[in-house]
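Report on one structure; see the data block that follows.
The figures here come from the full heavy-atom set of this structure, side chains too, leaving out hydrogens, waters and symmetry mates. Along the sequence shown, residues are numbered consecutively beginning with 1.
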Amino acid sequence: MSKKLTSRAEDYSKWYNELVVKADLAENSAVRGCMVIKPYGYAIWEKMQAELDKMFKETGHQNAYFPLFVPKSLFEAEEKNAEGFAKECAIVTHYRLQNDPDKPGKLRVDPEAKLEEELIVRPTSEAIIWNTYRGWIQSYRDLPLLINQWANVVRWEMRTRLFLRTAEFLWQEGHTAHETKAEAMAEAKLMNNVYATFAEKFMAIPVIQGLKTESERFAGAEETFCIEALMQDGKALQAGTSHFLGQNFAKAFDVKFANKEGKQDYVWATSWGVSTRLMGALIMTHSDDNGLVLPPSLAPNQVVIVPIYKSEEDLNAITDVANGIITDLRAKGVTVKYDNRTTQRPGAKFAQHELQGVPLRIAIGARDLENGTVELARRDTLTKTVVSLSDLNTTVENLLKEIQESLFNKALNFRDNHITEVDNFEDFKQVLESKTGFISAHWDGTAETEDKIKEITKATIRCIPLDDKVEEGVCVYTGNPSKRRVLFAKAY
């Protein structure tokens, strides 16, 4: 298979799809809309998972696991949540197959094995979790209850794309219960901050924190906080959400507690989650026409060493030096791979590691051994330098930090250069089609205007930024009074 990718400028969508497959991240499976995450792609997800899990535990959360199946009656208990996900649900109706008497060698559903109650394959877990919490919470002494789950969910999407939108995907979902409204609201904000910190510090993706409009909120939530990122094609991507659920789920599942005065009250709730969609964000924020560009914090291999040799004797001598480099770098916490495969030429190895986004590549040949040097190549800039072995450890450490910061700053500059303030609808449409990116514009606060703008332009309100100042103005579409700007964009 050719390693050359379609250019981003020619066809961004095709470039993305090719890159995911050719970089060995994932592929489509035999199940419609579902993907196979391959070892290299899963290694990146594992790094994301490890960092997030550490951050969750540092903020007092514990992991648990809840069933994949949700009885239909439980799913229906919180009406808005059920309505919001109803069209995406997969449903189990039978529990057994039997041989088909009309088609030898084939199976059919056993009509006698119909479930007494249908089971929903979880699109999200609020229903099963809150039904469980009813037995866990009796008193204020049981609060707060801070639980996270790493799991898979199923949402029967009709139009799918690897990592960005699949019928089944991996995620984490936090579900917490609190004594007061203020405590629950603080939790929702805290976890949105955790997501923002993770995106910026580890993924090198700048994000805007904000609130979703009522029509864009999570089904069953009273407020939805979010982080929004901007991809290289000028489209936005929702990278994480955190929901203040009020007492809606507590009332739906009768989760009460005895407060400090001895009176019964409903608990206050949050839920929050990110998914393998983050993989899509990582790819589309940093990568180029040569392949993946990975921030060192999340790269499975931060450094790869490639020997260049003509004889077995050369290889043995290079391997001795490489082993010393590996020992020293691993002692400093750097992940290193020694690519001594004899089935590939150095040029093919270089191309593969460039395609897969390894941040730093070290090439060592016989002449390098004589000179006490190595060739060091950066993936982000595609530049090469000759470095002495004595300076290598320090150089690698410094470059990994520099690459991480450089990727973030590059993405930040792109994002900031693609936030455009507009004050009339003609400019709104013109910017959306030519420059793309986020459009900062006044909105009159009505769902009707929001829907009309979406119908005309396909742009949605991505968020009401948390850190923007109040600014009197008039709605970009209706001319009605507005108290602040919001961010519009076309989105994934």
Side-chain angles (χ1 to χ4, degrees), residues 7-9 11-13 15-17 19-20 48 161 163-165 192-193 195-213 216 224-242 274-289 292-295 297-298 357 380 404-422 427-441 443 450 453-454 457-468 476 485-492:
S7 75
R8 290 165 295 167
D11 190 329
Y12 193 83
S13 178
W15 164 82
Y16 173 83
N17 292 332
L19 178 52
V20 170
M48 291 183 178
R161 183 181 296 184
F163 290 121
L164 294 174
R165 197 173 292 277
N192 205 57
N193 281 329
Y195 290 151
T197 299
F198 172 75
E200 297 193 342
K201 183 176 179 182
F202 293 98
M203 298 182 70
I205 298 177
V207 294
I208 294 171
Q209 294 194 59
L211 279 170
K212 288 294 188 182
T213 61
E216 293 284 336
T224 289
F225 297 88
C226 63
I227 56 172
E228 293 286 330
L230 192 66
M231 305 297 97
Q232 292 179 71
D233 64 345
K235 286 186 179 180
L237 186 140
Q238 178 182 287
T241 51
S242 180
V274 294
S275 73
T276 37
R277 168 176 267 229
L278 290 180
M279 292 285 291
L282 188 72
I283 295 162
M284 291 197 292
T285 300
H286 303 303
S287 302
D288 59 26
D289 290 350
L292 285 178
V293 177
L294 295 176
S297 290
L298 294 177
D380 61 329
Q404 186 81 24
E405 292 173 4
S406 177
L407 289 177
F408 176 79
N409 289 332
K410 181 180 179 183
L412 180 63
N413 288 336
F414 178 84
R415 196 275 311 275
D416 287 350
N417 287 330
H418 285 79
I419 300 177
T420 308
E421 285 193 6
V422 302
D427 287 347
F428 185 104
K429 291 185 287 185
Q430 193 274 328
V431 170
L432 196 64
E433 292 306 315
S434 58
K435 185 179 179 182
T436 70
F438 289 117
I439 296 178
S440 176
W443 165 59
E450 186 179 5
I453 291 174
K454 180 179 179 180
T457 67
K458 294 188 169 68
T460 56
I461 298 176
R462 301 315 306 157
C463 70
I464 304 167
L466 294 179
D467 58 355
D468 272 11
V476 73
R485 292 177 181 271
V486 298
L487 291 182
F488 291 84
K490 291 183 178 179
Y492 284 96

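For the pair L278 and M203, the tightest heavy-atom approach, listed with the atom from each and the gap, is O-CE, 3.3 Å. Listed here is the closest heavy atom pair of K490 and T457: CE-O, 3.2 Å. When all heavy atoms of E450 and T213 are compared, the pair lying nearest together is OE2-OG1, 2.7 Å. The minimum heavy-atom distance between A199 and I227, with the atom names listed, is CB-CD1, 4.3 Å. Here the shortest heavy-atom pairing between F438 and A489 reads CD2-CB, 3.9 Å. Minimum interatomic distance between I205 and H286 (heavy atoms only, all atoms of both residues): CG1-NE2, 3.9 Å.
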Would F198 and M48 count as a side chain to side chain contact (heavy atoms under 4.5 Å, CB included) here? Give the steps. CA-CA 9 Å; F198 172 75; M48 291 183 178; 3.9 Å; yes
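The shortest distance between side-chain heavy atoms of Q232 and Y12 falls below 4.5 Å. With contacts defined as side-chain heavy-atom distances shorter than 4.5 Å, the pair V207/Y195 does not qualify. Annotation: side chain of F225 is in contact with side chain of L466 (closest heavy-atom distance under 4.5 Å). Between D380 and K410 there is no side-chain heavy-atom pair separated by less than 4.5 Å. The shortest distance between side-chain heavy atoms of W15 and S7 does not fall below 4.5 Å. Inter-residue side-chain proximity for P295 and L282 is flagged as met; some heavy-atom pair is nearer than 4.5 Å.
Residue T285 holds its OG1 atom at 12.0 Å from CG of L412, rounded to the nearest 0.5 Å. Interatomic distance, I419 CD1 to R485 CZ, rounded to the nearest 0.5 Å: 12.0 Å. Rounding to the nearest 0.5 angstrom, the gap separating the CD atom in E421 from the CG atom in L487 is 9.5 Å. Expressed to the nearest 0.5 Å, how far CG of N17 lies from CD1 of I283 amounts to 10.0 Å. Taken from CZ in F163 to OH in Y492, the straight-line distance is 15.0 Å, to the nearest 0.5 Å. How far CD of Q404 is from OG of S297: 3.5 Å, rounded to the nearest 0.5 Å.
Residues in residues 225-237 take part in these salt bridge (Lys or Arg N to Asp or Glu O under 4.0 Å) pairs, two or more places apart or across chains: K212-E228, E228-R462.
In this structure K435 satisfies the side chain to side chain contact (heavy atoms under 4.5 Å, CB included) test together with H418, T420, V431, sequence neighbours excluded. The side chain to side chain contact (heavy atoms under 4.5 Å, CB included) test applied to A441 returns V422, F428, I439, V476, F488, not counting sequence neighbours.
No donor-acceptor contact under 3.5 angstrom links the side chains of S287 and R8, judged on distance only. Between the side chains of Q209 and N193, at least one donor N or O lies within less than 3.5 Å of an accepting N or O.
Judged by distance alone, with hydrogens and angles left aside, the side-chain atoms of R415 form no donor-acceptor pair with the main-chain N or O of L230 at under 3.5 Å.
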